[in-house]
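Below is one structure, written out as structure tokens, with a few remarks after it.
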Amino acid sequence: MGNLVQQYIDKAKAKDPNEPEFLQTVEEVLTSIEPVLEAHPEYIESGLMDRLIEPERIIQFRVPWTDDEGKPHVNRGWRVQFNSALGPYKGGIRFQSNVYVGMLKFLAFEQIFKNSLTGLPIGGGKGGSDFDPAGKSDAEVMRFCQSFATELYKYVGPNQDDPAGDMGVGGREIGYIMGQYKRITNQYDGTFSGKGVENGGLYGRTEATGYGIVYYCREMLKHFGESLEGKTVAISGFGNVSWGVTQKLNQLGAKVITISGPDGYIYDPDGVTAGEKEDYLLELRASGKNICAPYADKFPSATFYPGKKPWEVKADVYIPSAMQNDIHLEDAKNMVANGAKYLCEGANMPTTNEAIKYLQDNGVVIGPSKAANAGGVACSCLEMSQNAEHIVFSAEDVHAQLENIMVNIFKQCEDACAKYNLGDNFIAGANIAGFERVAKAMKWQGFV
Ligand code: GLU
């Protein structure tokens, strides 16, 4: 059977050798679903596996826009509509200079299983552009978003594809994109999620991803008879996800001792406590400078370590909440040397496959991103539902639904581990539980 899975990995490599992130996730997922394929040879015989790793559709388009001096620029835009077996394509839009089709394929592929784990009717997609919003004026961002939406609108819709935000795309960008979509289509139909509440957005969506990660982490610790209360937590990033994670951890009595940015990391032994410090994360992000160093200027208890990562700090729990491939083998070695026990992935695919193996071999329990960070997209789906019903859910209602969804996601991982004798390998548990639902839906829909 090992050879059979390897065949698909090799096929993917031969087709798209220049898409390392996509190949990394294909390898991770396929390797861990082997036991399901052993039990269901029909998934192989019916060509389901070949279809699973091939996007249904990829749209690439030109995004022309002018800066404030009237100078013309041309960027690339994409939407990867990977799998619609469970529902309309669903996934964020990322604006970052290093975005290319392979990165979006990796994110869309992960999204299939993540969305499946939520139990909600959403397929997997992702989009974005190599546009870098850093340092752009508000007017430039608006013109770019309008141009992006002028092409994207042809391929999205409430029952077709429902994009949301991701790195570089927040409420402001979604607002501009949605505004242009509405202007062209004359439809106020909830096609985009992560909107501001005045635009039909969901109360509680902003903190949903971060809160969801902490709920998942709490359930994972509970599985071992432990709680987050009194634990020290090292996190990376300082954006929306890190902020939500920090806020919920503070509420549950844990202490966040690091944050990070592309410039280095901050160590604050007193904790990024609720109130001024927690709020400062939002200020830092809103500054548009994408650096975390100013935190140490503002709060004397903190030290800034330029050019370094927080994984060298001793902590009870690690929560990478910044970006993919943040934790490499040498970081994993630092963590193990510091006695690490738990890693809960906040960002999408933040740990390299090599680092995962090292951590698991050394007894570190990993909460996988596909499961742990599914709270954001789950709440996006609640937003779709709110828009379709023309009603407004309260923040309390959303928080309660989110908590239920996350508890249920951890349970699915736990159950899959028990069913296939996987011990505490929640990465495999999440991949299997996510895959089983998609595979059943694909099977019933025939060879399409
Ligand atoms: N970008 C988020 C994610 O990675 C949210 C996607 C969505 O809400 O559609 O899951």
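Nothing fancy with the numbering, it's 1 onward along the sequence. Keep in mind the model is a prediction, meaning the values are calculated, not measured. Note that ligands are numbered from 1 as they come in the structure, with each ligand's atoms numbered from 1 the same way.
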With a distance cut-off below 6.0 Å to the six-membered ring centre and an angular limit of 45° from the axis, does [X] pair with [Y] as a cation-pi contact?
X    : Y    : result
R285 : F238 : yes
K105 : F22  : yes
K308 : Y265 : no
K136 : F131 : yes

Judged by non-hydrogen atoms, does [X] sit under 4.0 Å from ligand 1?
X    : answer
G165 : yes
G91  : yes
E383 : no
Q111 : yes

Closest protein heavy atom to [atom], given as residue, atom name and distance to 0.1 Å:
atom                   : value
atom 8 (O) of ligand 1 : S380 OG, 2.5 Å
atom 9 (O) of ligand 1 : K90 NZ, 2.8 Å
atom 5 (C) of ligand 1 : R205 NH2, 3.6 Å
atom 3 (C) of ligand 1 : K114 NZ, 3.4 Å
atom 1 (N) of ligand 1 : D166 OD1, 2.7 Å
atom 6 (C) of ligand 1 : G92 N, 3.5 Å

Which of these, W78, Y176, F144, sits in a ring-ring contact (aromatic ring centres under 6.0 Å, His included) with F95?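 Of the listed options, the one satisfying the test is F144.
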
Taking atom types as modelled, is there a side-chain donor on E436 or H40 under 3.5 Å from an acceptor on the other?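 No pair is found: no donor N or O on one side chain lies under 3.5 Å from an acceptor on the other.
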
From T352 atom OG1 to Q24 atom CD, the distance as rounded to the nearest 0.5 Å: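 These two atoms lie 6.5 Å from each other.
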
Looking at CD1 of I174 and CE of M178, how far apart are the two atoms once the value is rounded to the nearest 0.5 Å? 10.0 Å

Select the closest option to atom 7 (C) of ligand 1 among A164, S369, C381, G125, judged by heavy-atom distance.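 Considering heavy atoms of A164, S369, C381, G125, the nearest to atom 7 (C) of ligand 1 sits in A164.
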
Heavy atoms, side chains only, cut-off 4.5 Å: are V233 and K255 in contact?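 Counting from C-beta outward, V233 and K255 never come under 4.5 Å.
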
Report yes if [X] has an N/O atom closer than 3.5 Å to an N/O atom of ligand 1; otherwise report no.
X    : value
K126 : yes
N348 : yes
S193 : no

What part of M167 sits under 4.0 Å from ligand 1 if we count only heavy atoms: the side chain, the backbone, both or neither?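 Under 4.0 Å from ligand 1, M167 contributes no heavy atoms.
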
With heavy atoms only and a cut-off of under 4.0 Å, state how L107 meets ligand 1: side chain, backbone, both or neither.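 For L107, there is no contact with ligand 1 at all, from either part.
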
So which heavy atom on G200 is nearest to which on Q386, and how close?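 Closest heavy-atom pair between G200 and Q386: O-NE2, 3.1 Å.
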
